[in-house]
Amino acid sequence: IILCLERMRLLPQLVQLGGIRHEVGHSVLHGDLRYYLLPFPPTLLELANRFGFSRDYATNVLYLVSIAVKDYEVTSLLYKRGYVEDQVAYARHLLTVSGDDKLSWEASKGNPLAEALCLISCLKSAGCAATLLSDKVFGQEIKREIVKSLSYLQADYSNALLKIVLDGFPSLGADTLDNINCIVDKCKIIFEIAFRRQCRFENG
């Protein structure tokens, strides 16, 4: 487990605690090397053929989806063990949109593959928070925070991401590799929207 103390000291204590427990959760669930040397899911290969992206690009998609899925699994584990308030604080922190996030989005506009990759990267923080949506005390607040974190995106993109968060993550099971394949499949809608937008732009 590696933690940056300089960054940690800048955070509120409850966020620090949530972050430390989050990293411990990764060591418990994903300590094995097989969770980092991931095979390409069949769904991802289908998307690569359909939308014409390279193996390197597919590797980036796989990485982004895998960290979102693993973060969801960790929050689920901790939530079931009764770690709620610190995980809510940690999720709130992750859902805060930075200036760099907005700059990255602006830089990607007009390039469907760049847009799709930028959008998929949003699933990390949203996936980390998704388990908490079912909580009776914090669920509605977390949903508002997720919606707020996507508000700088165009409505069709933010709605697609929200659908993945609300429908995709809660449907996941106990097998990480199956879960990654499931979320990759859900990401198909992001590519479809991005390329549809490009076609509309090119056709005036």
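In what follows, every heavy atom counts, from backbone to side chain, and hydrogens, waters and symmetry copies are set aside.
Rounding to the nearest 0.5 Å places OG1 of Thr43 at 11.0 Å from NZ of Lys186. To the nearest 0.5 angstrom, Met8 atom CE is 4.0 Å from Ile20 atom CD1. Atom-to-atom distance recorded for Leu44:CG and Lys188:NZ is 12.5 Å, nearest 0.5 angstrom. In this structure, the separation between OG1 on Thr176 and NE2 on His30 is 4.0 Å, given to the nearest 0.5 Å. Considering CD of Glu115 and CZ of Phe195, their distance stands at 9.5 Å, rounded to 0.5 Å. Distance check: Leu38 CG to Thr59 OG1 gives 10.0 Å after rounding to the nearest 0.5 Å.
Applying the ring pair (Phe, Tyr, Trp, His ring centres under 6.0 Å) test to pairs two or more places apart or on separate chains, those with a residue in residues 155-190 are Tyr72-Phe169, Trp105-Tyr157. Within the structure, ring pair (Phe, Tyr, Trp, His ring centres under 6.0 Å) pairs that include any residue of residues 106-140 do not occur (at least two apart or interchain).
In this structure, a donor-acceptor pair under 3.5 Å is absent between the side chains of Glu73 and His26. Between the side chains of Asp101 and Ser98, at least one donor N or O lies within less than 3.5 Å of an accepting N or O.
The two atoms that bring Val65 and Cys187 nearest to each other are CG2-SG, 4.2 Å, heavy atoms only. Taking each heavy atom of Pro41 and Asn181 in turn, the nearest pair found is CB-OD1, 2.9 Å. The two residues Val97 and Tyr152 make their nearest non-hydrogen contact at CG1-CE2, 3.7 Å. Minimum heavy-atom separation, Leu166 to Lys143: CD1-CE, 4.2 Å. The two residues Leu150 and Leu162 come nearest to each other via the heavy atoms CD1-N, 4.2 Å. What you find for Pro170 and Val165 is that their closest heavy atoms are CD-O, 3.3 Å.
By the neighbour-count criterion of 12 heavy atoms within 6.0 Å, atom NZ of Lys109 is densely surrounded, having more than that number from other residues, nucleotides or ligands. Residue Gln140 places its CD atom among 12 or fewer non-hydrogen atoms of other residues, nucleotides or ligands, all under 6.0 Å distant. By the neighbour-count criterion of 12 heavy atoms within 6.0 Å, atom CD of Glu85 is sparsely surrounded, having that number or fewer from other residues, nucleotides or ligands. Surrounding OH of Tyr63 are at most 12 heavy atoms belonging to other residues, nucleotides or ligands under 6.0 Å away. Annotation: Tyr57, atom OH; neighbour count of heavy atoms from other residues, nucleotides and ligands within 6.0 Å is above 12.
For the pair Tyr90 and Leu14, the minimum side-chain heavy-atom distance is 4.5 Å or more. Taking 4.5 Å as the limit, every side-chain heavy atom of Leu78 sits out of range of all side-chain heavy atoms of Val24. The shortest side-chain heavy-atom distance between Thr96 and Ser149 does not fall under the 4.5 Å cut-off. You'll find the side chain of Phe191 reaches within 4.5 Å of the side chain of Val61, heavy atoms only. Leu29 is not listed as a side-chain neighbour of Lys70, based on a closest heavy-atom distance of 4.5 Å or more.
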Next on the checklist: For Arg196 and Asp156: C-alpha separation, side-chain torsions, deciding distance, then whether salt bridge (Lys or Arg N to Asp or Glu O under 4.0 Å) applies.
Outcome noted: CA-CA 11 Å; Arg196 200 160 55 232; Asp156 50 355; 6.0 Å; no
Checklist entry - Can you list the steps and then say if Glu192 with Arg50 is a salt bridge (Lys or Arg N to Asp or Glu O under 4.0 Å)? => result CA-CA 10 Å; Glu192 290 172 345; Arg50 179 178 172 186; 3.1 Å; yes
Checklist entry - Stepwise, does the side-chain contact (heavy atoms from CB on, under 4.5 Å) test hold for Tyr83 with Leu77? => result CA-CA 9 Å; Tyr83 301 112; Leu77 172 70; over 6 Å; no
Next on the checklist: If you apply the rule side-chain contact (heavy atoms from CB on, under 4.5 Å), what do you find for Ile146 with Leu133, and how did you get there?
Outcome noted: CA-CA 10 Å; Ile146 292 173; Leu133 289 166; 4.0 Å; yes
Item to check | Residues Arg55, Phe40; criterion side-chain contact (heavy atoms from CB on, under 4.5 Å); working and verdict | outcome: CA-CA 10 Å; Arg55 188 175 183 85; Phe40 279 98; 3.1 Å; yes
Next on the checklist: Checking Ile180 against Val184 for the side-chain contact (heavy atoms from CB on, under 4.5 Å) test, could you report, in this order, the C-alpha distance in whole Å, the side-chain angles of both residues, the deciding distance, and whether it holds?
Outcome noted: CA-CA 6 Å; Ile180 290 170; Val184 167; 4.3 Å; yes
Checklist entry - Step by step, would you call Arg92 with Glu141 a salt bridge (Lys or Arg N to Asp or Glu O under 4.0 Å)? => result CA-CA 9 Å; Arg92 278 200 211 106; Glu141 177 192 348; 2.4 Å; yes
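Under the 4.5 Å side-chain heavy-atom criterion for ILVMFWY residues, a single connected hydrophobic cluster contains both Ile67 and Leu177. Cluster annotation: Tyr36 and Leu64 are assigned to distinct hydrophobic clusters (Ile/Leu/Val/Met/Phe/Trp/Tyr, side-chain heavy-atom contacts under 4.5 Å, transitive). Cluster membership for Tyr79 and Leu17, using ILVMFWY side-chain heavy atoms within less than 4.5 angstrom, is not shared. In this structure, Leu33 is not a member of the same hydrophobic cluster as Val69, with clusters built from ILVMFWY side-chain heavy atoms closer than 4.5 Å. Placement of Val147 and Leu153 within a single hydrophobic cluster is found when ILVMFWY residues are connected by side-chain heavy-atom separations under 4.5 Å, directly or transitively.
Under a 3.5 Å cut-off, the side chain of Gln87 and the backbone N or O of Thr75 do not form any donor-acceptor pair.
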With a 3.5 Å cut-off and sequence neighbours excluded, list the donor-acceptor pairs that the side chains of residues 120-130 form with protein atoms.
unit_1 : atom_1 : unit_2 : atom_2 : d
Ser121 : OG     : Cys118 : O      : 2.5
Lys124 : NZ     : Asp71  : OD2    : 2.5
Ser125 : OG     : Cys122 : O      : 3.4

